[in-house]
Engineer: 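There's a structure below that I have some questions on.
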Amino acid sequence: MKKLAIIGCGGIGTYHMTHFLGFTDIIELVGFCDLIPERAECFAEETEKGKAFTDYRVMLDEIKPEIVFVCVPPTEHGQIEYDLIDRDIPFFVEKPLALDLDIARDIRDKIKAKGLITASGFQCRYSNLVEPSMKFMDENEVIYIDGTRMGGIPEVPWWNKRSTSGGQIVEQTIHQFDIIRYLYGEPDTVFTFGTKDFIRDIEGFDTESLSTTVVKFKKGALAAISTGCYCQSGSCFDSKIVFSTKDKRAELKILDTFKIIEEKPSAREDSDGFVVKGDGALSSGEKGETIYSQKGDAGILCDRTFIEAVISGDGSKIRSPYDDALRSVEFTLACNESIDTGLPVKIKGE
Ligand SMILES: NC(=O)c1ccc[n+]([C@@H]2O[C@H](COP(=O)([O-])OP(=O)(O)OC[C@H]3O[C@@H](n4cnc5c(N)ncnc54)[C@H](O)[C@@H]3O)[C@@H](O)[C@H]2O)c1
């Protein structure tokens, strides 16, 4: 049993909290901190022992948690992590880790020096779609990656300014950039165009409403990743990543489906031309299509894997520790730099 505390009881804090309420066999929920007292109090009311705080340092020193989830907005990172490292507390930090790369790299180095177990909020890496996707990558040479993520604007006050959110690529579409890295490989250079033209009715909105990034990967493939937050109707939403090879394509809709499209059916074909396999994950498909579907909430496995790693002291099953997550932040911040300079940016990965 480990004592767990949360810093930041807003949207994503609530998401993690719903998981923690089912982890009574491995954690005790002891503390909740938010600058807005009612948010922390609301979390505390859901537990037997949990106490609400507005100052995380007071919480850390009073209740001495053994695991902390950091669920604050992108600009709030830095001192919180330093205080956790000073107290030797393993922590899970929400993406995008930080907007300042110098601070994030310094945190990474201090985590390494202490040997602390960490994880980040890239729950898509824990989806059951990852295994067939990895298999596809192992068995095929990917040549081109076509990614799209079109949606709307999250209703949090800090989102509309790039200085406080990082902009859509860094704050939101980082999930797509991260899963491409995880499944395919590391980027070498990005070249991004962005436009602020299409959102005119929100005062102070100063981030790109649409961008397209061309990526050259170290292994050779090229990608075009377009991302927009201009949609006002669900019918305009789109989210998919298509991996193309010489003889087939695979379409990943993260946390939804993974579909392999090829000429020959890869599974038993019945008389109606549908393919069905009995492993549950594979549903059905038209001739030549193999479809895997998302099962459950990948975030449960993501959170539990981290907590179990802290309990056992073995972090090897964590799919997105801080140092790896930082590479996705570097990838996406390079896109911002390219927008700002109008030039291709080589990913340094210091
Ligand atoms: N992994 C995911 O899929 C996912 C989904 C949504 C959000 N997020 C990430 O989670 C982070 C938070 O997003 P959100 O939607 O929960 O935002 P939010 O605004 O709903 O919640 C953040 C909370 O943190 C609190 N806070 C800010 N500074 C604090 C401090 N110093 N001490 C204590 N509390 C503090 C705020 O008062 C607020 O209640 C962002 O970085 C976002 O990118 C991740």
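Start at 1 and go down the list; that is how both ligands and their atoms are numbered. In what follows, residues are counted from 1 in the order of the sequence shown.
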Engineer: May I ask you to identify the nearest protein heavy atom to atom 26 (N) of ligand 1, giving residue, atom name and distance to one decimal place in Å?
Structural biologist: V72 CG1, 3.9 Å
Engineer: Polar-atom distance check: H77 versus ligand 1, any N or O pair below 3.5 Å?
Structural biologist: no
Engineer: Take the angle between the ring planes of F177 and F331 and call it parallel below 30°, perpendicular above 60°, tilted in between.
Structural biologist: perpendicular
Engineer: Can you tell me which residue and heavy atom of the protein come closest to atom 44 (C) of ligand 1, and the distance to 0.1 Å?
Structural biologist: E94 OE1, 3.1 Å
Engineer: Distance only, no hydrogens: is a donor on one side chain within 3.5 Å (strictly under) of an acceptor on the other, for D314 and S312?
Structural biologist: no
Engineer: For G10, take its heavy atoms, then give the atoms of ligand 1 lying under 4.0 Å from any of them.
Structural biologist: 16 (O), 20 (O), 21 (O), 23 (C), 39 (O)
Engineer: Given I6, I7, D34, which has its nearest heavy atom closest to atom 23 (C) of ligand 1?
Structural biologist: D34
Engineer: Specify the protein heavy atom at minimum distance from atom 9 (C) of ligand 1: its residue, its atom name, and the distance to 0.1 Å.
Structural biologist: K95 O, 3.5 Å
Engineer: Return the residue, atom name and 0.1 Å-rounded distance of the protein heavy atom closest to atom 43 (O) of ligand 1.
Structural biologist: E171 OE2, 2.4 Å
Engineer: On a heavy-atom basis, I'd like to know which of C302, G8, P37, C71 is closest to atom 22 (C) of ligand 1.
Structural biologist: C71
Engineer: Should I241 and I143 be regarded as members of a common hydrophobic cluster, given that ILVMFWY residues are connected when their side-chain heavy atoms come within less than 4.5 Å of each other, either directly or indirectly?
Structural biologist: no
Engineer: Does an N or O from G121, backbone or side chain, lie closer than 3.5 Å to an N or O of ligand 1?
Structural biologist: yes
Engineer: What is the minimum heavy-atom distance between C71 and I6, and which atoms define it?
Structural biologist: SG-CG2, 4.2 Å
Engineer: So, D324 and Y182: side-chain donor and acceptor under 3.5 Å apart, yes or no?
Structural biologist: no
Engineer: Say whether, by atom type as modelled, one donor and one acceptor occur between the side chain of S338 and the main chain of L343 under 3.5 angstrom.
Structural biologist: yes
Engineer: Find all atoms of ligand 1 within a distance of less than 4.0 Å from any non-hydrogen atom belonging to V156, and give their numbers and elements.
Structural biologist: 15 (O), 17 (O), 18 (P), 19 (O), 20 (O)
Engineer: Which residue and atom name correspond to the protein heavy atom nearest atom 16 (O) of ligand 1, and how close is it?
Structural biologist: I12 N, 2.8 Å
Engineer: Hey, are D178 and R125 close enough for a salt bridge, meaning a charged N less than 4.0 Å from a carboxylate O?
Structural biologist: yes
Engineer: Which pairs count as salt bridge (charged side-chain N to carboxylate O under 4.0 Å, His left out) when at least one residue sits in residues 227-236, sequence neighbours excluded?
Structural biologist: none
Engineer: Tell me the protein heavy atom at minimum distance from atom 30 (C) of ligand 1, and give that distance in Å.
Structural biologist: L35 CG, 3.7 Å
Engineer: Please confirm whether P96 approaches ligand 1 to less than 4.0 Å, judged on its heavy atoms.
Structural biologist: yes
Engineer: Let me know which of K219, K216, K346, K218 forms a side-chain hydrogen bond (donor to acceptor under 3.5 Å, both in side chains) with D188.
Structural biologist: K346
Engineer: Measure the distances from the heavy atoms of Q172 to every atom of ligand 1 and state whether one is below 4.0 angstrom.
Structural biologist: no
Engineer: Under 4.0 Å from any heavy atom of H175, which atoms of ligand 1 are there?
Structural biologist: 1 (N), 2 (C), 3 (O)
Engineer: Tell me, which protein residue and heavy-atom name are nearest atom 20 (O) of ligand 1, and how many Å apart are they?
Structural biologist: G11 N, 2.9 Å
Engineer: What atoms of ligand 1 come within less than 4.0 Å of a heavy atom belonging to R39?
Structural biologist: 38 (C), 39 (O)
Engineer: Using a heavy-atom cut-off of under 4.0 Å, does the side chain or the backbone of W158 touch ligand 1, or both, or neither?
Structural biologist: side chain
Engineer: Say whether C9, considering both its backbone and side-chain N or O atoms, lies within less than 3.5 Å of an N or O atom on ligand 1.
Structural biologist: no
Engineer: How far is atom 31 (N) of ligand 1 from the closest protein heavy atom, and which atom is that?
Structural biologist: E76 OE1, 3.9 Å
Engineer: Check the orientation of H19 and H16. Use parallel for under 30°, tilted for 30 to 60°, and perpendicular for over 60°.
Structural biologist: perpendicular
Engineer: NZ of K135: more than 12 outside heavy atoms within 6.0 angstrom?
Structural biologist: no
Engineer: Examine R319 relative to F122 and say whether NZ or CZ is less than 6.0 Å from the centre of the six-membered ring and inside a 45° cone about the ring axis.
Structural biologist: no
Engineer: Do other residues, nucleotides or ligands put more than 12 heavy atoms under 6.0 Å from Y15 OH?
Structural biologist: yes
Engineer: Which atoms of ligand 1 have any heavy atom of Q123 under 4.0 Å away?
Structural biologist: 1 (N), 2 (C), 3 (O)
